[in-house]
Amino acid sequence: MNNLQNKIGNHRVDELAKCYQTPTFFYETETIKERIKDVARADVIRYAQKACSNIAILKLVQQQGVKVDAVSAGEIFRAVTAGFQTGDGKSDIVYTADIFDDDAISLIKKYQIPVNVGSPDMLGQLGTFAPGSKVTLRINPGFGHGHSEKVNTGGDLSKHGIWYKDIEECLSLAKNAGLTVHGLHMHIGSGSDFKHLSKVCEAMVTHAKKVGPSLEVISAGGGLPIPYQKDKPRIDLNAYFDLWDKTKADIAAAIKHDVQLEIEPGRYLVAESCTLLTQICSIKRMEENLFYLVNAGFDTLIRPAMYGAYHEISISPANTSECKEMQDVIVGGPLCESCDVFTQQEGGFVSNRLLPKAQVGDYLLIHDAGAYGAAMSSNYNSKRLAAEVLLTCDSHHLIRKRQTMEDLIKNEQIPDFLK
Ligand code: LLP
């Protein structure tokens, strides 16, 4: 990429900015549909909505035949609102977590949501409020891997899942609680690589044999990576599904019937669909370092500050689209905190990025912001949550209004003794 970009999809950046102001997340419908088609070899695609849980995005994936994962009562509520089916043993929603809280229990009961259990304690608890139900065990296979240590969900330092050595004990716990173990699930981390993801296959066969004939579903979890750096290759999905086909065949041979393969991607389905549009508000120099300061910070997109995550950046000049000279810059946001920098590496090391020369007022586009962008945004520094817009080839639709100032304080109050 040449780091100059005047369009998002078919739409001109300046016109979108005029219509919705900045910062705003723009999602492209077609990209989400394409990514769903990429993984169609799975028997069930279960979207990990934590990546982006706007109800319009949920509706879009639901219309493509995708099912959904929910990790909280709020996510169950969103999925139900978006129209995912529940009840009658045919729920499109699965609750995956390491604990139950009161809110979750009440919605699981209300909508008869099946559960993917991540701790032994949950088995006895589920047995009391949903006796007779089918359950999936989330196994921590003893290893994990992710794009950052912070998103590695396997191994003995991870709080996630049931420790693989405890499976037999959990099978008895489930039996005693009147539950049928019909699924096994393993999610070893996010943005992992093919080598580690394929290790999950071996572990799945080993543990599937322990569950035996009641097993109907295996879930490979999420974690499929996307190339955040445009010169990096895409994951070889054919090789990935070939391995899973073999795994299914090995399990079928052992338990004497077929099982279904579920995958649970979050970022793979939505990350690349979205551009975060910001505007450059100040350009300043500190000795040799030149800073572009934009009107979105880690309140809007926390991934660089939290993981040192890399996002491609490009510039859309406000007044001219002629090719610009490049220069090394640091891109920062508006927050009163020094880690509010989009160009940084893990550990907080600020780095330069070669970008076109720009002026105050030009637009700065942060790419691949669809997963864990809006979903992880906050009101830190009392910044308002950004707007979200869904683009089709020839239209654009507001799917979340920018917060108002009143929204910021609407649940707060000054007690009488202070008045
Ligand atoms: N399934 C389970 C049980 C998970 O915990 C996750 C992510 C996924 C599926 C989806 O993973 P994905 O396909 O999106 O990698 N905030 C971090 C990612 C943390 C994800 C937590 N769990 C980031 O911005 O990279």
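Counting convention: from 1, in listed order, for ligands and their atoms alike. Predicted model only: the values in this text are computed from it and were never measured.
- H207 and K210 share a donor-acceptor pair across their side chains, judged by distance under 3.5 Å alone.
- Each of K230, R267, Q229, R303 was compared with D368 under the side-chain hydrogen bond (donor to acceptor under 3.5 Å, both in side chains) criterion, and only K230 meets it.
- Using a 4.0 Å cut-off between charged nitrogen and carboxylate oxygen, E262 and K67 do not count as a salt-bridge pair.
- Only side-chain heavy atoms of H187 come within less than 4.0 Å of ligand 1; its backbone N, CA, C and O stay farther off.
- Within the 4.0 Å heavy-atom criterion, neither part of Y268 lies near ligand 1.
- Using bins of under 30°, 30° to 60° and over 60° for the plane-to-plane angle, the ring pair Y307/H147 lands in the perpendicular bin.
- For the pair E264 and ligand 1, the shortest N or O to N or O distance falls below 3.5 Å.
- Nearest-residue assignment for atom 23 (C) of ligand 1 (options R303, M376, Q49; heavy-atom criterion): R303.
- The protein heavy atom nearest to atom 11 (O) of ligand 1 is S190 OG, 3.2 Å.
- Salt bridge annotation for K248-D43: present, with a cationic side-chain nitrogen under 4.0 angstrom from a carboxylate oxygen.
- Contact annotation: G223 has at least one heavy atom less than 4.0 Å from an atom of ligand 1.
- In terms of protein heavy-atom proximity, atom 4 (C) of ligand 1 is nearest to K50 NZ, 3.0 Å.
- Residue H160 places every heavy atom at 4.0 Å or more from ligand 1.
- Looking at atom 19 (C) of ligand 1, its nearest protein heavy atom turns out to be V151 CG1, 3.7 Å.
- In this structure, T153 has no heavy atom closer than 4.0 Å to ligand 1.
- From the protein, the heavy atom lying nearest to atom 16 (N) of ligand 1 is Y307 OH, 2.6 Å.
- Put simply, no part of M306 is less than 4.0 Å from ligand 1, judged by heavy atoms.
- Ring pair H396/H11 is perpendicular by interplanar angle, where above 60° counts as perpendicular and below 30° as parallel.
- Protein heavy atom in closest approach to atom 14 (O) of ligand 1: Y372 OH, 2.6 Å.
- Contact check on D242 versus R41 returns a salt bridge, with a Lys/Arg side-chain nitrogen under 4.0 Å from an Asp/Glu carboxylate oxygen.
- For the ligand labelled ligand 1, residue A51 lies outside the 4.0 Å heavy-atom shell.
- Not a single heavy atom of K150 sits under 4.0 Å from any atom of ligand 1.
- For the pairing with H160, the side-chain hydrogen bond (donor to acceptor under 3.5 Å, both in side chains) check across D98, N140, T153 returns one residue only, D98.
- Aromatic ring pairs are classed by plane angle as parallel below 30°, tilted from 30° to 60° and perpendicular above 60°; the pair Y240 and W244 is perpendicular.
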